[in-house]
Structures are given as structure tokens and as C-alpha cells.
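Throughout, numbering of the chain's residues begins at 1 and tracks the sequence. All values below were derived from every heavy atom in this structure, side-chain atoms included, with hydrogens, water molecules and symmetry-related copies excluded.
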Amino acid sequence: MANYYKQQGLDAERILATGLRDQWYAICPSDFVETGGMRRITRWGQDWLLFRLSDGTVRMLADRCPHRGAPLSQGMHLGDRVQCKYHGVQVDGSGTVVAVPGMPGCPLEGQELVTSLPVREIGGAVMAFFAGSRDSEPVEFGLPEPLEDPEISSFLCYAEWDAPWRFTLENLLDPMHGAYLHNDSHSMSEGESSARFRIRETDRGFFFEKTDQIGKNFDWVEYSFTGGDWVNLSIPYPASAGPGGVFGIVGMGTPIDENRTAVFFWRYRKVEGWERDVWRFLYRTKLEDDHWVVLEQDRVMLEGMAADADAAENLYQHDLGIVRLRRLFKGKAQAQAKALLG
């Protein structure tokens, strides 16, 4: 399967467009794949098959039979393996051919011929390690703290946007747009419409934050890399949102292809006892709809931008977070392209 990884034309620009390699990504909500079920999905410009074993474990394979390249997703789930509909070849969750019913004892049997990605489930989402080469070993993924704290209650929001991956991530590294694009929202109508920003480095990324306002609007965002890219931010909540701590969002984005992105937003609050019940009730009955309004504003804006909107920009101080992220990703993409083509 070496040619699977060393795709023709996989230079730094292509890597930036379809996703950095050798790291973890959110793939889809866990409930997309039921026990005994299969689902075809496109990520990083490639087609994959997700299927869940009888014990609940999720597997992720390249959606191509090793015999003739037919889509395994059109086949049959056989409990611990899938069977290609074209000629009956059976492949298990590790990508190993376990049977060729049409020719028992075929040399294909026992060979690991289909790319299989390491998978785990976190916070109601399937995560996968997107390897850059056949020899890549999965790195450890450090959970975003809000998703592993038992005192925090969260809801996962998933959507697919017709916008490049880089646009969706840069949108999250741009706190100032909250005061304009979302100024009529239930949570971002307060605060000043002008600000100064700074970057504060951390051992896993950086904060991009306003220097003259905190706790009024979308005033800061933290970018972190802990085996995968994610951002954390908080939005002040009015009293009408019920009891509980600060309202936060953990966000991730995964390229579907060069022009589409799967976006993941975990909305969370630190709440206990009866407050947790109140928060979850309010979220489901009212706040969730309000949050979708905000996401729709982002989606419409990003989908309306030209694919090369960042080719002739005139940036200023509010864009320091975006510039920092671009430099980081560009450096990684160049290093990965060099390793893959070398």
C-alpha cells in the first residue's frame, strides 16, 4: 500500500488543502455508525469505510477492496469483517484479507492489504489518526480538558460546510468577528466593537486575546496541538441561560476535501447536580436553536468567500492569530511533503 500514501502531487500546498498528516482528527459523531452498521465517508479527499463490530468497536478502512478496488462500503457486514460485493473478498478491521471464498487458499489471504486507521471515540465523536506513511506510529492524543472533566456537561454539534478547511479554523482564530457578524446574537451583543490583541504562547500552542476587554464578548481563543488541532474559547452567558459556570466551546475541523469541511463544536458548561439538569433542559429547549443561528452566520459567510480569498489580503493587528496559525501549518506541511516525497 506504499502508493496509497505517496500520492502523486502530494506537495505542501496539497497537504495544506486536504489536511496535515500524522495527527488525530474528529471524523463524525459516534451515532453515525450503529452496532453492526457501515458508513462510507470522505475525509482528506479520500473515501473511507467506517463499520462497528458487534462489541461496539469502530474500525476505519480505505473504501477499496484489495482485489479490484471495488468499494467495500457496498458490501456486507459480517460481524468482525466486511465482504466485498463484487467478488466476495473478506477484510477485517486491521485491513487484512481473511478469506477469498471464490478461491480458498488464495495468496491474498493473510495479507494486510487495505489501509486501516487507528480509531478511538471521545465525547460522542469518532476520532482517527491520519497517518502520513505506512510506517507512521500513532501519537498520543491529549484530550481537551473540557471533554475529560466529569464535572463538565457538553453537547456535540456537527455540520458540513462548503468551505476550505483553513477558512473554518481561521474563523475560530478571529475573535473580532463576533462583535460584527454575531452582534445580534443572544451572547455576543455586549462589549466594544474595537480592540487590541496579543498572542500569549503556551507549551502546546497559544492564546489570542483582547488586551482591553475580558468577559464581554468573544474575547479570546486558545489554539492547542496535543496530537491533534483543537481550539477552546468561552462566550459570556446572560442570566437567562440558567445557572452554571462559563459557557465554553471546543472546536475542531477536518477536511472532507479541498473545498468542504466537517466541523465539530462541543458546547459545554461546568455544572453539577440540579444545575446540570437545568442547563441541559435549557440547551435542548432553547439555547441549541440560538447557537445554530450563530453557526449559520459563520457558514454563510465562509461559503460565500472565494476559494482563493486569502490570496490578496490586507491584514492588520486583529489578524495576528491567523498569521501565527498559517505559519505553523505551512511549516508542518513543508516538512511532511519533504518526508513523503523523499
Side-chain angles (χ1 to χ4, degrees), residues 19 24-44 46-63 71-82 92-93 116-130 141 143-150 152-162 165 168 228-232 247-257 260-269 271 276-277 279-296 298-299:
W24 289 88
Y25 285 91
I27 300 302
C28 66
S30 291
D31 60 13
F32 272 29
V33 191
E34 61 185 15
T35 299
M38 304 196 303
R39 188 178 186 112
R40 187 185 196 191
I41 201 162
T42 301
R43 294 293 181 268
W44 316 293
Q46 303 167 24
D47 294 325
W48 302 88
L49 169 65
L50 292 171
F51 69 104
R52 193 180 292 275
L53 308 183
S54 56
D55 66 0
T57 304
V58 176
R59 301 296 189 192
M60 187 169 181
L61 300 175
D63 191 23
L72 290 170
S73 57
Q74 292 187 20
M76 183 181 300
H77 194 304
L78 297 180
D80 63 346
R81 65 190 70 177
V82 294
D92 69 12
S116 173
L117 299 187
V119 174
R120 61 185 298 191
E121 294 186 77
I122 298 170
V126 176
M127 304 283 297
F129 180 76
F130 184 35
F141 180 67
L143 286 173
E145 290 84 352
L147 301 187
E148 64 176 347
D149 188 339
I152 287 180
S153 178
S154 64
F155 294 89
L156 171 60
C157 169
Y158 172 79
E160 297 181 6
W161 292 350
D162 293 329
W165 171 62
T168 64
D229 300 301
W230 52 277
V231 299
N232 185 35
F247 168 69
I249 299 174
V250 168
M252 297 182 186
T254 302
I256 296 175
D257 55 32
R260 295 182 298 157
T261 306
V263 294
F264 300 76
F265 299 100
W266 285 265
R267 285 84 170 261
Y268 69 85
R269 290 185 90 179
V271 283
R276 178 180 294 246
D277 294 335
W279 145 247
R280 297 189 70 84
F281 173 78
L282 282 173
Y283 182 87
R284 286 303 191 195
T285 57
K286 183 180 187 303
L287 299 175
E288 186 171 25
D289 289 342
D290 292 339
H291 294 158
W292 273 109
V293 170
V294 174
L295 285 184
E296 274 296 286
D298 284 325
R299 182 191 65 79

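Annotation: the span from Trp165 atom CH2 to Ile256 atom CD1 amounts to 13.5 Å, rounded to 0.5 Å. One finds the CZ atom of Arg43 at 9.5 Å from the OG1 atom of Thr261 (value rounded to the nearest 0.5 Å). The CG atom of Leu143 sits 5.0 Å away from the CZ atom of Arg120 when rounded to the nearest 0.5 Å. Between the CG atom of Asp162 and the CZ atom of Arg299 there is a distance of 8.0 Å, given to the nearest 0.5 Å. Interatomic distance, CZ of Arg260 versus CH2 of Trp161, reported as 15.0 Å (0.5 Å rounding). Note that the OG atom of Ser30 and the CD1 atom of Ile122 stand 9.5 Å from one another [nearest 0.5 Å].
Among all heavy-atom pairs drawn from Thr285 and Phe281, the shortest one is OG1-O, 2.7 Å. The two residues Gly124 and Leu156 come nearest to each other via the heavy atoms O-CD2, 3.5 Å. The minimum heavy-atom distance linking Met38 with Leu72 is given by the pair CE-O, 4.2 Å. Nearest heavy atoms, Leu61 versus Asp92: CD1-O, 3.6 Å. Shown here for Ser154 and Arg280, the closest heavy-atom pair between the two residues is O-NH1, 3.5 Å.
Not a single donor-acceptor pair under 3.5 Å links the side chain of Trp230 to the backbone N or O of Val250. Although no hydrogens or angles enter the test, the distance criterion places no donor-acceptor pair under 3.5 Å between the side chain of Thr254 and the main chain of Ile27. Side-chain N or O atoms of Trp266 include none that pairs as donor or acceptor with a backbone N or O of Leu147 at under 3.5 Å. Here the side chain of Arg276 pairs a donor or acceptor atom with the backbone of Val271 at under 3.5 angstrom. Under the 3.5 Å distance criterion, the side-chain polar atoms of His77 are matched with a main-chain donor or acceptor of Arg52. Using modelled atom types, no side-chain atom of Asp47 and backbone atom of Asp63 make a donor-acceptor pair closer than 3.5 Å. Between the side chain of Ser116 and the main chain of Gly93, a donor-acceptor pair closer than 3.5 Å is present.
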inquiry  = As a quick check of understanding, evaluate side chain to side chain contact (heavy atoms under 4.5 Å, CB included) for Arg40 and Leu49, giving each step before the final call.
reply    = CA-CA 5 Å; Arg40 187 185 196 191; Leu49 169 65; 5.5 Å; no
task = Please assess Arg267 against Phe247 for the test side chain to side chain contact (heavy atoms under 4.5 Å, CB included), listing each intermediate value before the final yes or no.
result = CA-CA 7 Å; Arg267 285 84 170 261; Phe247 168 69; 3.5 Å; yes
inquiry  = Go through it in stages, so that I can follow the logic: the residues are Trp48 and Leu50, the test is side chain to side chain contact (heavy atoms under 4.5 Å, CB included), and I'd like the CA-CA distance, side-chain angles, deciding distance and then a yes or no.
reply    = CA-CA 7 Å; Trp48 302 88; Leu50 292 171; 5.8 Å; no
key: Steps toward side chain to side chain contact (heavy atoms under 4.5 Å, CB included) verdict (Cys157, His291)   = CA-CA 9 Å; Cys157 169; His291 294 158; over 6 Å; no
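Ring planes of Phe141 and Trp24: tilted class, angle from 30 to 60°.
Using a 4.5 Å cut-off on side-chain heavy atoms (C-beta onward), Met252 and Pro144 make contact.
Shown here are the ring-ring contact (aromatic ring centres under 6.0 Å, His included) partners of Tyr158, two or more places apart in sequence or in another chain: Phe32, Phe264. Contacts of Trp279 classified as ring-ring contact (aromatic ring centres under 6.0 Å, His included), with partners at least two apart in sequence or in another chain: Phe155, Tyr283.
Within 6.0 Å of atom CD in Glu34, 12 or fewer heavy atoms from other residues, nucleotides or ligands are found, so the atom counts as exposed in its surroundings.
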